[in-house]
Amino acid sequence: QAPLMESGGGSVQTGGSLKLSCAASAVMFSRYCMAWFRQAPGQEREGVAHITDGGMTTYAESVKGRFTISRHSATNTLYLEMNGLKPEDTAVYYCSAVTPLRTYGPLACRSTRYEAWGQGTQVTVSS
């Protein structure tokens, strides 16, 4: 099994919804932080949502109120539920996991470096 494998992307119209899944290995799912990132063409990869192993979350301002990150321990799966999609949400979405040196909550997950990546899943939102 690949350490991280994303799925669930697709093409939707503005205002639509998608739910991304990330199947993680047991080792990856045991990390303190799990996160969703995205990368649009010509842009740097950016963090979208982060979650601790205790379920505490933090979101980028651009997606707050529209996206929800969650993790399901029974299946080692990370989810990203996306509602109210906009054309600027178009990107390849990646999941990742890491245990930072300091585990003081979701802000630690936002500020730490991630190095393990899946293959990504494409999300395209048309206007």
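One is the number of the first residue; the rest follow in order along the sequence.
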(request) Would you indicate whether the side-chain heavy atoms of T57 and P106 approach each other to under 4.5 Å? (result) no
(request) Sequence neighbours left out, what passes side chain to side chain contact (heavy atoms under 4.5 Å, CB included) with V123? Give chain and number order. (result) L18, L20, M82, Y93, V125
(request) Sequence neighbours left out, what passes side chain to side chain donor-acceptor pair (under 3.5 Å) with E81? Give chain and number order. (result) none
(message) Please find the pair of heavy atoms, one from M34 and one from A24, that lie closest to each other, and give the distance.
(response) CE-CB, 4.0 Å
(request) Taking all non-hydrogen atoms of both residues into account, name the closest pair between P87 and S127 and its distance. (result) CG-CB, 4.0 Å
(request) Step by step, work out the side chain to side chain contact (heavy atoms under 4.5 Å, CB included) result for I69 and Y79. (result) CA-CA 6 Å; I69 188 172; Y79 296 103; over 6 Å; no
(message) Testing I51, V63, L78 one by one against W36 for a side chain to side chain contact (heavy atoms under 4.5 Å, CB included), which residue passes?
(response) L78
(message) Run the salt bridge (charged side-chain N to carboxylate O under 4.0 Å, His left out) test against R102 and tell me which residues pass, sequence neighbours left out.
(response) none
(request) Using the disulfide bond (SG atoms under 2.5 Å apart) rule, collect all pairs that involve residues 36-73, keeping only residues at least two apart or in two chains. (result) none
Kindly list each side-chain donor-acceptor pair under 3.5 angstrom involving residues 6-13, sequence neighbours excluded, with atom names and distances?
from: E6; atom 1: OE1; to: Q119; atom 2: N; distance (Å): 3.0
from: E6; atom 1: OE1; to: G120; atom 2: N; distance (Å): 2.9
from: E6; atom 1: OE2; to: C95; atom 2: N; distance (Å): 2.8
from: E6; atom 1: OE2; to: G118; atom 2: N; distance (Å): 3.4

(message) Could you check whether any side-chain heavy atom of H50 comes within less than 4.5 Å of a side-chain heavy atom of F37, counting everything from C-beta outward?
(response) yes
(message) Show the nearest heavy-atom pair for residues R71 and Y32, with the distance to one decimal.
(response) NH1-O, 3.9 Å
(request) Classify the ring geometry between Y94 and W117 as parallel (under 30°), tilted (30 to 60°) or perpendicular (over 60°). (result) perpendicular
(request) For residues 35-69, pull every pair meeting disulfide bond (SG atoms under 2.5 Å apart), keeping only residues two or more places apart or in separate chains. (result) none
(message) I need the full list of disulfide bond (SG atoms under 2.5 Å apart) pairs touching residues 96-127, with sequence neighbours left out, sorted by first then second residue.
(response) C33-C109
(message) Filter on salt bridge (Lys or Arg N to Asp or Glu O under 4.0 Å), then keep only pairs touching residues 25-41, sequence neighbours left out; what's left?
(response) R38-E46, R38-D89
(request) Please name all residues satisfying salt bridge (charged side-chain N to carboxylate O under 4.0 Å, His left out) with E44, sequence neighbours left out, ordered by chain then number. (result) none
(message) Checking E115 now: which residues fulfil salt bridge (charged side-chain N to carboxylate O under 4.0 Å, His left out) with it, not counting sequence neighbours?
(response) R113
(request) Sort and list the pairs that fulfil salt bridge (Lys or Arg N to Asp or Glu O under 4.0 Å) and have at least one residue in residues 116-127, not counting sequence neighbours. (result) none
(message) Holding to side chain to side chain contact (heavy atoms under 4.5 Å, CB included), I want the full list of residues that pass it with A2, two or more places apart in sequence or in another chain.
(response) M5
